[in-house]
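The block underneath contains the structure these notes are about, expressed in structure tokens.
Residue numbers begin at 1 in each chain, while the letters A, B, ... track the order of the sequences.
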Number of protein chains: 2
Amino acid sequence: MNISQAAKASGLSPKTIRYYERIELIGPASRGTNGYRDYDDRDLDVLRFVQRARSTGFSVEECRQLLALYRNSGRHSSEVKELVAEKLVRVEHQISELLQMRDTLQELVEACPGNEQAQCAIIDSLADGRDH
Amino acid sequence: MNISQAAKASGLSPKTIRYYERIELIGPASRGTNGYRDYDDRDLDVLRFVQRARSTGFSVEECRQLLALYRNSGRHSSEVKELVAEKLVRVEHQISELLQMRDTLQELVEACPGNEQAQCAIIDSLADGRDH
DNA sequence: CATAAACCTTACACTTGCTGGAAGGTCAAC
DNA sequence: GTTGACCTTCCAGCAAGTGTAAGGTTTATG
């Protein structure tokens with residue numbers, strides 16, 4: 001199976017698959033006589049695994065760890081759980097930062113008249129750091 | 001005032017200030033006879049403005065637009081408001097994506113026994129895309 | 001007065017996760 | 001046979017800086 005077929009079957013792009021190979025997130029694909037990469041069902045499992053992990057929000061480095069656990073049949077599920085629980089904490093932290101940001105932006109929007117005048121609470125607030 | 005003093009006074013790092021100058025977010029600083037950058041109160045206002053805008057969550061490109069409005073005394077506050085309202089929409093979108101991610105991660109964590117066994121709902125879920 | 005610490009300068013590389021494009025080889029169809 | 005759609009590699013670039021090197025200046029101290 002060619003790279004573009006593997007791409008379609010996994011939901012990744014050919015570019016992304018080559019990129020994952022280059023950074024050694026996945027192993028080097030076997031090659032046909034013409035030098036083309038050739039993928040089998042086992043390769044596809046890995047590609048799909050990575051695609052799902054990435055779209056769940058895991059970084060490439062996190063995917064690397066998840067893949068190692070995936071491949072390691074002697075893993076303990078506690079290791080996996082810990083990894084994901086830590087990720088959850090980071091995501092929650094990121095959410096609270098964005099919520100803070102949203103509140104600030106909302107306040108700014110509400111404080112700005114939005115008319116033809118130059119006077120603007122948003123600009124004033126960014127200029128001197130105080131509310132307006 | 002030297003760059004490191006301007007850095008302290010604005011909450012940016014010297015590196016970041018030079019970077020902002022290089023990408024022409026801010027104008028080139030005037031220079032002393034020794035070639036050192038020299039900042040006055042006016043420069044500081046701009047640096048602080050950018051620092052606040054960045055820490056409010058605006059991208060550098062958005063800061064560029066905000067700075068243009070800041071400097072333009074003939075602006076209409078409606079332009080500013082529109083800019084910030086659009087940003088707010090993008091932030092809200094980002095939040096909902098992260099909330100989705102958090103839910104998925106929470107489900108994964110809850111489904112994983114977290115023990116000494118290899119069997120793990122997280123790995124299984126990433127491997128075949130179904131719930132476990 | 002020498003010298004060492006603490007500044008300053010530039011320029012380049014690295015980060016994350018790809019994507020786009022160039023330049024060239026191969027393959028399938030008509 | 002030639003067009004078009006693949007494939008290959010490599011280089012460049014995005015955001016928003018940070019780290020490091022190599023070198024010049026200034027300031028403080030012995």
Side-chain angles (χ1 to χ4, degrees), chain A residues 1-40 43 46-47 49-67 87 90-91 93-94 97-98 101, chain B residues 1-40 43 46-47 49-67 87 90-91 93-94 97-98 101:
Chain A
M1 166 184 279
N2 271 347
I3 195 169
S4 63
Q5 322 231 264
K8 258 184 204 108
S10 65
L12 297 167
S13 75
K15 279 250 166 207
T16 300
I17 295 176
R18 287 191 200 100
Y19 170 70
Y20 286 166
E21 182 179 326
R22 190 159 61 77
I23 64 172
E24 294 178 292
L25 174 62
I26 59 182
S30 61
R31 303 287 184 133
T33 49
N34 51 14
Y36 287 15
R37 286 176 182 80
D38 187 46
Y39 297 89
D40 62 18
D43 298 326
V46 172
L47 292 174
F49 184 94
V50 174
Q51 191 280 326
R52 287 200 193 91
R54 287 289 296 126
S55 71
T56 302
F58 292 100
S59 73
V60 167
E61 284 318 301
E62 287 158 353
C63 288
R64 214 183 280 278
Q65 299 176 53
L66 286 169
L67 264 180
K87 177 69 179 179
R90 285 194 293 277
V91 167
H93 181 68
Q94 214 181 330
E97 279 185 353
L98 279 174
M101 222 170 103
Chain B
M1 161 184 278
N2 270 348
I3 195 168
S4 63
Q5 322 230 263
K8 257 183 206 111
S10 64
L12 298 167
S13 74
K15 279 250 163 211
T16 299
I17 295 176
R18 289 191 200 101
Y19 170 70
Y20 286 166
E21 182 179 327
R22 190 157 61 75
I23 64 171
E24 293 178 293
L25 174 63
I26 61 182
S30 60
R31 302 286 185 134
T33 49
N34 52 12
Y36 286 16
R37 286 177 182 79
D38 187 46
Y39 297 89
D40 63 18
D43 299 325
V46 171
L47 292 174
F49 184 94
V50 174
Q51 191 280 327
R52 287 199 194 93
R54 286 289 296 125
S55 70
T56 302
F58 292 101
S59 71
V60 167
E61 283 318 302
E62 287 158 352
C63 287
R64 214 183 278 279
Q65 299 175 52
L66 285 169
L67 263 181
K87 177 69 179 179
R90 284 193 294 277
V91 167
H93 180 69
Q94 215 181 330
E97 279 184 352
L98 280 173
M101 223 170 103

Would you mind reading off the distance between B/R22 atom CZ and D/dA16 atom C1', rounded to a whole angstrom?
10 Å
D/dT18 phosphate, OP1 or OP2, under 4.0 Å from B/S13 side-chain N/O
yes
base_contact_polar (C/dG21 base, A/K15 side chain, donor-acceptor, <3.5 Å):
yes
Trace of the side chain to side chain contact (heavy atoms under 4.5 Å, CB included) decision for A/D40 with A/M1
CA-CA 6 Å; A/D40 62 18; A/M1 166 184 279; over 6 Å; no
Look at A/R31 and D/dT9 and indicate whether a side-chain polar atom (N or O) is within less than 4.0 Å of OP1 or OP2.
yes
Full working for side chain to side chain contact (heavy atoms under 4.5 Å, CB included) between A/K87 and A/R90
CA-CA 5 Å; A/K87 177 69 179 179; A/R90 285 194 293 277; 3.9 Å; yes
Write down the distance between CD (A/Q5) and C1' (C/dA28), rounded to a whole number of angstrom.
13 Å
Closer than 4.0 Å, any side-chain N/O of A/S4 to the OP1 or OP2 of D/dC7?
yes
Answer yes or no: is there an ion pair linking B/R18 with B/E21, defined by an N-O contact shorter than 4.0 Å?
no
Below 4.0 Å: OP1/OP2 of D/dT26 and any side-chain N or O of B/N34
yes
Please state whether the phosphate of C/dT9, meaning OP1 or OP2, lies under 4.0 angstrom from any side-chain nitrogen or oxygen of B/R18.
yes
Just the rounded figure in Å: distance from C1' of D/dA15 to CG of B/L25.
13 Å
How close or far is atom C1' of C/dT10 from atom OH of B/Y36, stated in whole angstroms?
13 Å
Roughly, in whole Å, what's the span from CD in B/Q51 to C1' in D/dA16?
15 Å
Can you see if the side chain of B/R37 gets near the phosphate of C/dT10 - specifically, an N or O under 4.0 Å from OP1 or OP2?
yes
With no hydrogens and no angle check, is any side-chain donor or acceptor of B/N34 less than 3.5 Å from a backbone partner on B/Y36?
yes
In whole Å, I'd like the distance from the CD1 atom of B/I3 to the C1' atom of D/dT25.
15 Å
Can any side-chain N or O of A/D38 pair as donor or acceptor with the backbone N or O of A/R31 at less than 3.5 Å?
no
B/T33 or B/V60: which one's nearest nucleotide on DNA chain D is closer to the 5' end?
B/V60
For the side chain of A/Y20 and the base of C/dG17, is some donor closer than 3.5 Å to an acceptor across the two?
no
Atom pair distance, as rounded to whole Å: OH in B/Y19 and P in C/dC12:
17 Å
Compare side-chain N and O positions of A/T16 against OP1 and OP2 of C/dG17 and report whether any pair is under 4.0 Å apart.
no
Taking atom P of D/dT26 as reference, at what distance in whole Å does atom CG of B/N2 sit?
10 Å
Looking at C/dC18, I'd like to know if its phosphate oxygens (OP1 or OP2) sit under 4.0 Å from a side-chain N or O belonging to A/R54.
yes
